[in-house]
Each structure stands twice: as structure tokens, then as C-alpha cells.
Protein chains: 2
Amino acid sequence: MNIGAAAELTSLPAKTIRYYEEIDLINPARGDNGYRHYNEQDVNLLRFVQRARSLGFSIEQCRNLLSLYSDKDRASADVKKLAEHKISEIDQKIEELQSLRTTLKNLADQCHGDHRPDCPILDGLAENNS
Amino acid sequence: MNIGAAAELTSLPAKTIRYYEEIDLINPARGDNGYRHYNEQDVNLLRFVQRARSLGFSIEQCRNLLSLYSDKDRASADVKKLAEHKISEIDQKIEELQSLRTTLKNLADQCHGDHRPDCPILDGLAENNS
DNA sequence: GCTTGACCTTCCTGTTGGTGGAAGGAATAG
DNA sequence: CTATTCCTTCCACCAACAGGAAGGTCAAGC
């Protein structure tokens, strides 16, 4: 099938699929007319990447997962390690965001939010300490 | 003071400070030798941006905040609105990360994590549904 | 006066993960 | 035969800087 159909099936933009080929992630066959030709396996791999990306794996991690995926002799421990590493990354990110939210909320709560020009948020941002 | 001293005082890399000038965010004076010269006010603005950035505001939002900051007639409501928008952005991001974490954790928990070649994580990624 | 080293300048490239668009060839429908 | 759609490549751009090369400047020490 052509790139358009593959895009449809994977919910990936054609541009992105071409990009994945450019960075040597998923290489389809080519027809005589130069068109990319995707088979079922290609589409599966694309979907695999699409899912992994949406779970927050970077392209390089996807490349890693793909090679583990096609390597029949790999240990599932390798994959589990990658997933757990990712989970702790996510945990850290969540914590950062929560502390950030707290700070911002404190500032916003102190702001009376009317048309008076003094604003604790800006004052908070402008303060020398913290 | 020169850029190095300003960098020291604001905990921003000199590279970043130059970049902020390039994008017309904070424009210092220049000495006869072409060196950038930062006064107290410049340093305050840089610190302001540094703090806003660390709270997750984008450069464009910082530009907005800066203009509100120097506009004596602005209503604090404008600023509060920006802050609250940011908070809801953060909330959404946190939710996404949490759902992502759940999915990933489920997959990882099903993985026995030894050297057997079957791996629920990869299988989960390769599945056609969800 | 000279050298050394730290600091400054601009310019160019690369990062991550794509997106947008132009120019032109190929397939298909009427 | 033409119109439209799909495909191709290539080039540029986004955030928000970081790294490094090549060269100018300044202050200290001898």
C-alpha cells in the first residue's frame, strides 16, 4: 500500500512516516514509480512506534524497542528495564509539575485579579530571593 | 557590568542571555568595545524571565509578562488570567502523564522480567487495539 | 612592552520530533 | 484530455537553547 493508506491505518501523518524513514527507523520497499510501498509488517511496526511514542518513549528508545522487538533472543528483562526507567522518568516529571503548580497557585491565589495595577504574581516573579 | 557578571547574578548561561537579546526580549546597552553592558534593571528583568521560565512559562508568555510588568496601567486580572491558564495547562499535563504511567505500569507488571523471549510489554505495544 | 589567560564578540551548526510548503511527476476519474 | 488527488524530493521553520570556531579586548604579571 502507499504512504497515504499506511498513514490512515496508523493514524500517523504521512510526513511523520517519511521522517521515520529518513532517520532510518522504518524502511519500506519502493515501487517502480518511486512510491513507498508498505506491507502489513511495516504497518505493524509503524503502529508499534506510534504507540510507544504516545507512551512517552523517545525516538531513540523506540529504535531500541524495535530492535528488541525483532530480536527473538532478547531477554524480556531488557524491555522491562527500559519501561521501568521510563516510569521513574514520568514520576519525576509529575513531581516537578506538581511543585510548579503549587508555586504558581500560591501566587495566583494572592492576586485579587481586578483592574488595580498591583499584582502579587508579577511581584513574586520580580523578587530577588527564591 | 559585562555579560559574565550578569550571567553569574541571574544563574543564566551567557549563551542564553545573548539568545534573549537576539529574540528581542532583553536588550542591554553596548560599550565602545562592543561588549554588552547590563545595568541593575536589566539584571532584574533577566531574573524575572529566569523565574518565569522555571515556572514553565514559554518565551512568548514571558514576553507577555514582561510587557505587563513594565506597563504601569495593566490590570492584575490580566496577569492572573495568564497564571491560571498556565495552571490548567499543568493540570492537563499531569493527568496525561498519570494515565501514561498507568498504562506503562500495567505492561511492566505483567512482564516476568527474565531472559525468556516473550514479553508482555512488547506484545502490548504491538497489539492492534488501544 | 610583551605575553598569557580570561573574557568578550559574531557566526555557524546541531539538537528533538517533526510540520509546512513549493515544484514537479504519477495515477485515476470523468 | 483534463482535473484532481496522491506521490516524490527538497528546503525552510518551530522552541530554546548548546557547542564550538575564529578572532577582538582587557587586565595582570614580569
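Since the model is a prediction, treat every value here as computed from it, not as a measurement. Computation of the quantities below employed the complete heavy-atom set of this structure, encompassing side-chain atoms and omitting hydrogens, waters and symmetry-equivalent molecules. Labels below follow one simple rule: chain letters A, B, ... track the order of the sequence lines, proteins then strands, and each chain is numbered from 1.
Screening residues 56-78 of chain B for ring pair (Phe, Tyr, Trp, His ring centres under 6.0 Å), with sequence neighbours left out, gives F48(B)-Y69(B). Among pairs with a residue in residues 76-107 of chain B, none fulfils ring pair (Phe, Tyr, Trp, His ring centres under 6.0 Å), at least two apart in sequence or across chains. The salt bridge (Lys or Arg N to Asp or Glu O under 4.0 Å) analysis of residues 57-70 of chain B, with sequence neighbours excluded, yields the pairs E60(B)-R63(B).
Regarding E60(B), its CD atom lies at a distance of 11 Å from the C1' atom of dC14(D), rounded to whole Å. Rounded to an integer number of Å, the gap from K15(B) NZ to dA16(D) C1' is 13 Å. Rounded to an integer number of Å, the gap from Y19(A) OH to dA12(D) C1' is 15 Å.
Residues from residues 20-39 of chain B placing a heavy atom under 4.0 Å of any atom in DNA chain C, listed by number, are R30(B), G34(B), Y35(B), R36(B). Across residues 84-101 of chain B, not one residue has a non-hydrogen atom less than 4.0 Å from an atom of DNA chain D.
Scored by the side-chain contact (heavy atoms from CB on, under 4.5 Å) test, N39(B) finds Q41(B), D42(B) as partners (sequence neighbours excluded). For K105(A), the side-chain contact (heavy atoms from CB on, under 4.5 Å) test picks out R101(A), D109(A), I87(B), with sequence neighbours left out. E96(B) pairs by the side-chain contact (heavy atoms from CB on, under 4.5 Å) definition with Q92(B), not counting sequence neighbours.
Shown here is Q98(A), whose CD atom has more than 12 heavy atoms of other residues, nucleotides or ligands within 6.0 Å.
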Atom pairs, N/O to N/O, protein against nucleotides 1-3 of chain D, distance under 3.5 Å?
none

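With hydrogens and angles ignored, the 3.5 Å screen pairs a side-chain donor or acceptor of K86(B) with a backbone N or O of G56(B).
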Using atom types as modelled, flag every donor-acceptor pair under 3.5 Å from a side chain in residues 7-17 of chain A to any protein atom, sequence neighbours excluded.
from: T10(A); atom 1: OG1; to: A6(A); atom 2: O; distance (Å): 2.8
from: T10(A); atom 1: OG1; to: A7(A); atom 2: O; distance (Å): 3.4
from: T10(A); atom 1: OG1; to: L12(A); atom 2: N; distance (Å): 3.3

Considering only distance and modelled atom types, tabulate donor-acceptor pairs under 3.5 Å from the side chains of residues 25-33 of chain B, sequence neighbours left out.
from: N27(B); atom 1: ND2; to: D24(B); atom 2: OD1; distance (Å): 3.3
from: R30(B); atom 1: NH1; to: G34(B); atom 2: O; distance (Å): 2.9
from: R30(B); atom 1: NH2; to: E21(B); atom 2: OE1; distance (Å): 3.4
from: R30(B); atom 1: NH2; to: E21(B); atom 2: OE2; distance (Å): 3.2
from: N33(B); atom 1: OD1; to: Y35(B); atom 2: N; distance (Å): 3.0

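The residue R53(A) sits close only to the backbone: its heavy atoms come under 4.0 Å of sugar-phosphate atoms, none of a base.
Phosphate contact (OP1/OP2 of dT9(D), side-chain N/O of R18(A), threshold under 4.0 Å): absent.
Interatomic distance, Q61(B) CD to E89(B) CD, rounded to the nearest 0.5 Å: 5.5 Å.
Taking a heavy-atom distance under 4.0 Å as the criterion, the stretch of DNA chain C touched by chain A extends 5' to 3' from dG17(C) to dA27(C).
Annotation for L65(B) and A52(B): closest pair CD1-CB, 4.1 Å, computed over non-hydrogen atoms.
Counting only heavy atoms from C-beta outward, the side chains of N2(B) and Y38(B) never approach each other to under 4.5 Å.
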